[in-house]
Amino acid sequence: MRTITHFIDGARVSDESGRRQDVFDPCLGRPQAQVILGDAGVVDRAVASAKVAQKAWAAVNPQRRARVMFQFKRLIEENMAELAALLASEHGKVISDAVGDIQRGLDVVEFACGVPHLLKGEYTDGAGPGIDVYSMRQPLGVVAGITPFNFPAMIPLWMLAPAIACGNAFILKPSERDPSVPVRLAELLIEAGLPAGVLNVVHGDKTVVDAILDHRDIKAVSFVGSSDIAQYVYGRGAANGKRMQCMGGAKNHGVIMPDADLDQAVSDILGAAYGSAGERCMALPVVVPVGEATAEALRARLIPAIEALRVGVSSDAEAHYGPVVSAAHKARIEDYIQMGVDEGAELVIDGRGFQLQGHEEGYFLAPTLFDHVTPNMKTYEEEIFGPVLQIVRVATSQEAIEMVSRHQYGNGVAIFTRNGAAAREFAAEIEVGMVGINVPIPVPVSYHSFGGWKRSGFGDLNQYGMDGVRFYTRTKVVTSRWPNDGGVVDQSFVIPTMN
Ligand code: NAD
């Protein structure tokens with residue numbers, strides 16, 4: 001069976017003593033490879049390599065660093081089909097979705113190609129007599145990223161592209177459930193001209209995460225995953241004096257106003273709720289129709305549209321979505337469906353018990369729809385992360401705003417309406433980090449930044465865009481004086497002023 005190894009100092013490195021974990025093919029429900037799980041020693045080795053490489057890399061001028069990103073972009077594009085197939089084989093998402101995963105990461109690589117401009121500091125000429133002031137952005141040194149299973153290309157690229165372009169060395173700890181694509185990306189970066197050691201990939205579980213969080217030479221850690229772990233990682237890393245940004249779970253709502261274009265909204269909701277089997281932090285697993293008439297009209301359109309969805313293997317070009325990632329995750333989603341029934345929600349379409357012919361052991365779930373879900377239900381409050389859509393009926397738009405704002409998560413939200421004033425008020429009032437107006441999955445483009453509120457995000461700088469540059473650099477301000485006559489300047493013993 002194939003072994004997925006760490007990638008340190010420019011090469012794949014096997015650690016025969018390491019623990020191993022199976023990597024599954026979710027379409028078949030069978031192990032297809034094993035990933036080596038590292039320990040503190042492997043992290044030490046990666047950091048030692050990164051420390052040496054980073055010094056030289058930071059001294060490379062920004063335009064040359066950008067050229068490596070341009071080459072990396074070209075290589076990702078040239079290898080798109082291979083990367084997408086590899087990604088789909090471990091994650092289970094359909095190929096078109098795997099391409100989307102890589103493409104959204106590629107957008108951030110393109111953003112990082114502009115790093116010379118992004119790193120420009122500020123300058124004040126003549127802040128005082130013969131005094132000039134300038135600021136510069138300098139890399140932090142060795143930084144790390146810990147990523148989830150659901151976007152094995154996009155999220156590593158969100159982090160490593162800006163971090164490396166800014167002159168840092170990066171240690172990536174990808175999800176142990178689909179670890180192959182991050183290693184391929186590291187190889188492509190070396191092919192693009194990145195010096196060995198600037199990007200190291202270390203596989204593992206909590207043992208490696210803790211070693212990263214405790215390592216004194218790692219200056220910042222970016223994390224994306226579930227909220228309890230995000231909060232833990234944030235706390236432990238911050239206690240060790242590191243700069244931290246930790247994105248967590250989500251439960252995003254789509255509010256359907258009575259004046260919405262319902263056909264368009266239903267089409268948008270289907271993709272946002274069931275695409276990627278609901279395993280997206282920007283999925284839309286809750287719809288909130290405003291008014292009973294809207295709810296009935298929405299439900300009537302949703303049911304046949306959901307029943308027409310096709311669940312299939314990753315390579316099925318007609319399939320809308322594939323299996324979920326693991327047997328354990330499938331069982332967890334089924335438990336939530338049962339919990340919804342027990343809590344008194346109306347199970348309109350039950351996706352349990354679905355089997356795909358020829359793939360009976362695969363982790364497939366048909367789409368599930370609940371109606372009459374209420375905010376006090378645990379199945380509403382918690383993230384299910386599967387192909388399960390819940391309808392929560394409200395009477396007014398204000399009730400919708402208050403309910404969404406009260407929810408423990410605040411990643412994304414969408415409103416569907418034709419009323420500009422209502423949309424504007426909604427966007428201003430809602431306590432959520434990313435808002436879509438007739439846009440079901442409002443993931444910001446690469447030159448804005450991505451981040452949720454409340455238990456969806458810990459830390460104050462978001463992913464990519466200018467926040468990414470800020471996260472991976474620190475600002476230094478230089479105040480300089482060059483007296484005209486070159487003579488001795490009268491030094492005062494009070495705090496200097498610019499008078
Ligand atoms: P996860 O929290 O299980 O794992 C994320 C990372 O943490 C992995 O690298 C994993 O190895 C590591 N990890 C797991 N258990 C750990 C522990 N006890 N201590 C330390 N590290 C540990 O998340 P997942 O299941 O891989 O991904 C799905 C979750 O990620 C969902 O909750 C989803 O909403 C969230 N997510 C959030 C965003 C966002 O930007 N807000 C984006 C994508 C996914």
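Atoms within a ligand are numbered from 1 in the order they appear, just like the ligands themselves.
- Interface atoms of ligand 1 facing N411, defined by a heavy-atom separation under 4.0 Å, are 41 (N).
- Counting heavy atoms under 4.0 Å from ligand 1, residue R177 touches it through the side chain alone.
- Residue E176 has at least one N or O atom closer than 3.5 Å to an N or O atom of ligand 1.
- Remark: distances from the non-hydrogen atoms of F151 to ligand 1 are all 4.0 Å or more.
- For ligand 1, the polar-atom distance check against M247 finds no nitrogen or oxygen pair separated by under 3.5 Å.
- Shortest contact from atom 27 (O) of ligand 1 to any protein heavy atom: P148 CB, 3.2 Å.
- In this structure, D101 and M154 approach most closely via the heavy-atom pair OD1-N, 2.8 Å.
- In this structure, atom 28 (C) of ligand 1 lies nearest to the protein heavy atom F385 CE2, 3.6 Å.
- Residue D205 has no nitrogen or oxygen atom sitting less than 3.5 Å from a nitrogen or oxygen atom of ligand 1, judged on distance alone.
- Of the protein's non-hydrogen atoms, N150 OD1, 3.2 Å is the one closest to atom 44 (C) of ligand 1.
- A side-chain donor from one of Q231 and R455 sits under 3.5 Å from a side-chain acceptor of the other.
- Listed by atom number, the atoms of ligand 1 under 4.0 Å from G249 heavy atoms are 32 (O), 34 (O).
- Between Y232 and ligand 1, a contact under 3.5 Å exists for no N or O pair.
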- request: Give the C-alpha distance, both sets of side-chain angles, the deciding distance and a yes or no for side chain to side chain contact (heavy atoms under 4.5 Å, CB included) between E90 and D25.
  value: CA-CA 5 Å; E90 292 181 356; D25 177 340; over 6 Å; no
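- Atoms of ligand 1 found under 4.0 Å from any heavy atom of I155 (numbered from 1 in listed order, with element): 42 (C), 43 (C).
- Of the candidates G412, G225, P174, G225 brings a heavy atom nearest to atom 35 (C) of ligand 1.
- Close contacts of ligand 1 with V224, meaning ligand atoms under 4.0 Å from a residue heavy atom, involve 5 (C), 36 (N), 37 (C), 38 (C), 39 (C), 40 (O), 42 (C), 43 (C), 44 (C).
- The protein heavy atom nearest to atom 14 (C) of ligand 1 is I229 CD1, 3.7 Å.
- Using modelled atom types and a 3.5 Å distance limit, the side chains of D9 and N200 yield no donor-acceptor pair.
- An N or O contact shorter than 3.5 Å is missing between W158 and ligand 1 by distance.
- The distance between the ring centers of H91 and F24 does not fall below 6.0 angstrom.
- The residue R280 has no part lying near ligand 1, judged by heavy-atom distances below 4.0 Å.
- Taking atom 42 (C) of ligand 1 as the reference point, the nearest protein heavy-atom neighbour is C281 SG, 2.9 Å.
- Not one N or O of D210 is nearer than 3.5 Å to an N or O of ligand 1, by distance alone.
- For ligand 1, one of its N or O atoms has an N or O atom of E383 under 3.5 Å away.
- Less than 4.0 angstrom separates some heavy atom of F450 from each of these atoms of ligand 1: 39 (C), 40 (O).
- Side-chain contact check for S405 and E429: no donor-acceptor pair (N or O, by modelled atom type) lies under 3.5 Å.
- For H407 and Y380, the ring centers sit closer than 6.0 Å to each other.
- For atom 19 (N) of ligand 1, the nearest non-hydrogen atom of the protein is K206 CG, 3.4 Å.
- Cation-pi geometry between K93 and F151 is met: under 6.0 angstrom from the ring centre, within 45 degrees of the axis.
- Under a 4.0 Å N-O distance rule, the pair E399/R406 does not qualify as a salt bridge.
- Looking only at atom types and distance, the side chain of R2 has a donor-acceptor partner in the side chain of S180 under 3.5 Å away.
- Looking only at atom types and distance, the side chain of T207 has no donor-acceptor partner in the side chain of D39 under 3.5 Å away.
- Side chain to side chain, Q245 and S222 meet the donor-acceptor criterion of an N or O pair below 3.5 Å.
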task: Take V404 and I430 through the test side chain to side chain contact (heavy atoms under 4.5 Å, CB included) and record every step on the way to the result.
output: CA-CA 7 Å; V404 174; I430 203 86; 3.7 Å; yes
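- For the ligand labelled ligand 1, residue V325 lies outside the 4.0 Å heavy-atom shell.
- No donor-acceptor contact under 3.5 angstrom links the side chains of N462 and S449, judged on distance only.
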Take I415 and I256 through the side chain to side chain contact (heavy atoms under 4.5 Å, CB included) test and state the conclusion after the steps.
-> CA-CA 6 Å; I415 182 169; I256 318 289; over 6 Å; no
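- The closest protein non-hydrogen atom to atom 1 (P) of ligand 1 is S226 OG, 3.6 Å.
- The protein heavy atom nearest to atom 26 (O) of ligand 1 is F149 N, 3.0 Å.
- Distances from atom 40 (O) of ligand 1 to the protein include at least one heavy-atom value under 4.0 Å.
- Remark: the K242 side chain and the Y234 side chain contain no N/O donor-acceptor pair separated by less than 3.5 Å.
- Residue G248 places a heavy atom less than 4.0 Å from ligand 1.
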